[in-house]
Amino acid sequence: MSACVPTRATDPSDPHRASHLHPPHSPPPTPPRRFRIASADVSASIAVFLIALPLSLGIALATGAPLQAGLVAAAVGGIVAGRLGGCPLQVSGPAAGLTVVTADLIHRYGWRTTCAITVLAGVVQLGLGCLRVARTALAVSPAIVHGMLAGIGITIAVAQLHIVLGGTPQSSVLDNLRALPAQLARVQPAAVSVSALTLALLFLWPRIPGRAGLLLRRIPAALVAVAGATTTASLTGLVLPKVDLPSWSSHALAGLPEGPALGLVAAVLTTTLVCSVQSLLGAVAVDKLAAGRPDLLAGGPGSSRGARVGRSDLDRELLGQGAANIVSGALGGLPVAGVAVRSSANVQAGAVSRNSTMLHGVLVVIAALLMVPVLEFIPLASLAALVMAVGIQMVSLHHIRTVTRHREVLVYAVTTLGVVVFGVLEGVTLGIAVAVGVSLHRLTRTRITHHERDGVHHVHVRGQLTFLAVPRLSRALHLVPQGADAVVELDGSFMDHAAYESLQDWQKTHTAQGGSVELTGRSPGTSIAEPSGAADCRCRPWTAWRNHQCELPHPAVASTPTWSAVSDTGTLGAAGPAGAATAAVSPGPSGASGASGLSGASGASGASGENGGPDEGGRPGRPGGSGELGNSSGPTGSSGPGGPGTSRGPAGSSGPLAPAGSGGHELARGISAFQRNTAPIVRGELARLAREGQQPAQLFLTCADSRVVTSMITSSGPGDLFVVRNVGNLVPLPGEESGDDSVAAAIEYAVDVLKVRSITVCGHSGCGAMQALLDSEPGGARTPLKRWLRHGLPSLERMADDSRAWAKLAGRASADAVEQLCLTNVVQQLEHLRAHDSVARALRDGELELHGMYFHVGEAQAYLLTEVSSEGVFDRVTDADGLRSPA
């Protein structure tokens, strides 16, 4: 029976079958959606619930609120914020960072007014979310945020220490410190023993070794610590204050706020600030954790129905937190914010959607209603020890090292002390004031020096060049005599308009009077000497990439210094280090030529400058640059003296991608640096290019030499260049038998499909292909390389033709025959380009421009071909403002 004939006739009039029919060529009707919870969400919610239950009770105890308030906040945070928030995997609830604020409000205004303040803070959060200002909260210096959390952690730890010792905490940190000696004199052994057991279980449980430990560590340490202390206290008959959960019928709800209006406004703003900043920073941290789980990004096997968890919507997250605070405050709960401990546990436990967060809230409700008799066995000293440990962990040594490295330890210290001594709002205000003062000091602290060396006057500017430094800059520049040679070194990342105009006016005047001016960027390098007295290693940072790190040579090659480009260890606050450069290795097709494919330029570099300022080309800082390295061995290889394409890297065992040598290790390290540092910066731009397709402005045809990095020398980003790389940057004439049409195909695709507006042929110094052409002899074996290099023979013949003028560099003669052939080859390949039909047609229509370019690797200098003579002169590139690029 034919497959096109139905096996059974259908009667359209049959009412039982008519409902199953649908029009031809239309998709079948979508079945009704059913609410389904993935098993991964169920297991994750249980893990989060077991952590949230003791912590919620402990935080309520630390604030002096009714213990049910902690459970109410945990349930509302899970259900309301989990359903409405913009970060699906963030778990909200009563946070340790709000303990000091809430305790102070309860002490000043009472519990019912504190609940009203929580409601009002939620309303303010809703307003901020509607205004879409969530991103501005992230502009707060990380040093201020870390200092605030450290101050809160110290306050919590000092207060809970009194309960651990069997006493009662005071209302402020200073009072607690003054009362500590007396408390130590009347220590209660029962409370101390239960607290010590809780802390021991809390810190030792995650460190159980072996396979048994791997299984036991699935149970949260906080639950084990509280459960173990509770069981021990019950079995030994210790008499201790325990959890007291009154009947829910007597639970206090929010009331009308009572107190001075100015104080209430300050309280609402403080609660809003702490809740919002902690929740938004927590959402950013959860995004980083989720990025490490491929199943969340690609809808892997563990994800529900292949759902993809995208980046957090911070404005929606602020709306969700505001709604949760309104509901929690109205029901008599603590303020709600995103909690880092529960959120990280949620991600690590395998959650794939917001269902895990909501289900954890449901479990808290069930526990609050059905587990009251069990919860009332928990000793208060055990909960106090748990919260004290959380407070101590909030003073993070990692944060202290980070702010010290960024020279913001003063901001961190002032904020911490301000929170401890005065309060959260006052401490944050002091921190902001100090941060502004430090920034202004750095902006105005500019050192300008002048000295003469070998007849050349050097003016060195260290720091940011603003209008405040213009008088000192002018005095230093006028110390340079008329007609003298001058070098101005700008060792900073910012120059405002006033300083720019002053410098440009002086340059024009000095040049007109017969002098010369050279403007350079950062100082050539910093000497890093080994303690043993080895030779210095000098690093020249690549401004557009910010990823150059000095590595001393391996003893095996110690006679020849090498430089290896590896990931930068600098950071950009909480967002991570500046993006490290990456490269997309573009292997050519069969034969020697190779186009980079129809995907155009790929790879990326980090934002230029410390804070994403303008790059070297004067363009605004971009989050990336195309990074084709041709035949280089990996993204971190650099050319050594062994010739073109020679890659040297640190010796060591190879990575998992290579059985021997360091190439696989270097490749894996470069990819890892890209995923960690650069991918978060360029992901948005690459996602746009993936949606809209590539629209490059120009086709860039250059050599496969690993030292010619197109993105670096053109300050380009993803999608800007369509790159073709081959040995010798050759363009075969159309119709020649080459066995490889990849170059012609790439030219046709770029001109006819991508509609590029210009084509650039770029040669470079020290080209191995040109050297091979000069050294070639007639006859011999026809290897693939020799068959390919025959397309360069017209360039060789052109240079040997005495009737033609040689192409040359402006200002000097060619260094040798190889350089002369490199220049001649660029001119010849431009003629070959004009012979292609697509190029000739676009040139006739005025839709295309051709450019010749020569890059001197040793000088790091680009030259553009001009039409000064029949052969052309390659002249140095100057920018639109007349400031010559540094050599």
For the atom pair [atom1] ([X]) and [atom2] ([Y]), what is the distance rounded to the nearest 0.5 Å?
X: Gln321; Y: Thr272; atom1: CD; atom2: OG1; value: 12.0 Å
X: Ile46; Y: Asp41; atom1: CD1; atom2: CG; value: 11.0 Å
X: Leu334; Y: Trp111; atom1: CG; atom2: CH2; value: 4.5 Å
X: Ile432; Y: Ile144; atom1: CD1; atom2: CD1; value: 5.0 Å
X: Leu177; Y: His162; atom1: CG; atom2: NE2; value: 7.0 Å
X: Leu273; Y: Gln278; atom1: CG; atom2: CD; value: 11.0 Å

Decide yes or no for [X] and [Y]: does some side-chain heavy atom of the first lie under 4.5 Å from some side-chain heavy atom of the second?
X: Arg342; Y: Leu55; result: yes
X: Val390; Y: Ile156; result: no
X: Leu319; Y: Leu84; result: no
X: Val438; Y: Glu408; result: no
X: Phe422; Y: Thr429; result: no
X: Cys275; Y: Leu98; result: yes
X: Thr270; Y: Leu105; result: no
X: Leu223; Y: Ile51; result: no

Taking all heavy atoms of [X] and all of [Y], pick out the closest pair and write down the distance.
X: Tyr109; Y: Ala267; result: CE1-CB, 4.4 Å
X: Ala384; Y: Leu61; result: N-CD2, 4.3 Å
X: Thr415; Y: Gly431; result: OG1-CA, 3.1 Å
X: Ala367; Y: Leu53; result: CB-CD1, 4.3 Å
X: Val72; Y: Gly333; result: CG1-CA, 3.8 Å
X: Ala74; Y: Pro94; result: N-CD, 3.5 Å

For the side chain of [X] and the backbone of [Y], is there at least one donor-acceptor N/O pair under 3.5 Å apart?
X: Thr63; Y: Ala60; value: yes
X: Thr357; Y: Gly78; value: no
X: Ser356; Y: Ser353; value: yes
X: Arg354; Y: Gly82; value: yes
X: Ser279; Y: Gly338; value: yes
X: Asn325; Y: Pro335; value: no
X: Asn176; Y: Pro169; value: no

Are more than 12 heavy atoms from other residues, nucleotides or ligands located less than 6.0 Å from atom [atom1] of [X]?
X: Arg83; atom1: CZ; value: no
X: Leu369; atom1: CG; value: yes
X: Glu258; atom1: CD; value: no
X: Arg688; atom1: CZ; value: yes

- Item | Residue from Val286, Asp287, Val284 passing side chain to side chain contact (heavy atoms under 4.5 Å, CB included) with Ser312 |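 For Ser312, the side chain to side chain contact (heavy atoms under 4.5 Å, CB included) test succeeds with only one of Val286, Asp287, Val284, which is Asp287.
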
- Item | side chain to side chain contact (heavy atoms under 4.5 Å, CB included), paired with Val123, selected from Leu128, Val268, Ile326 |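 Going through the options one by one, the only one that passes is Ile326.
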
- Task: Start with the C-alpha gap between Ile400 and Val409, add the side-chain angles, then the distance that decides, and say whether side-chain contact (heavy atoms from CB on, under 4.5 Å) holds.
- Result: CA-CA 7 Å; Ile400 294 176; Val409 67; 5.5 Å; no

- Message: Is there a side-chain contact (heavy atoms from CB on, under 4.5 Å) between Thr466 and Asp496? Walk through the geometry before answering.
- Response: CA-CA 5 Å; Thr466 66; Asp496 70 1; 3.7 Å; yes

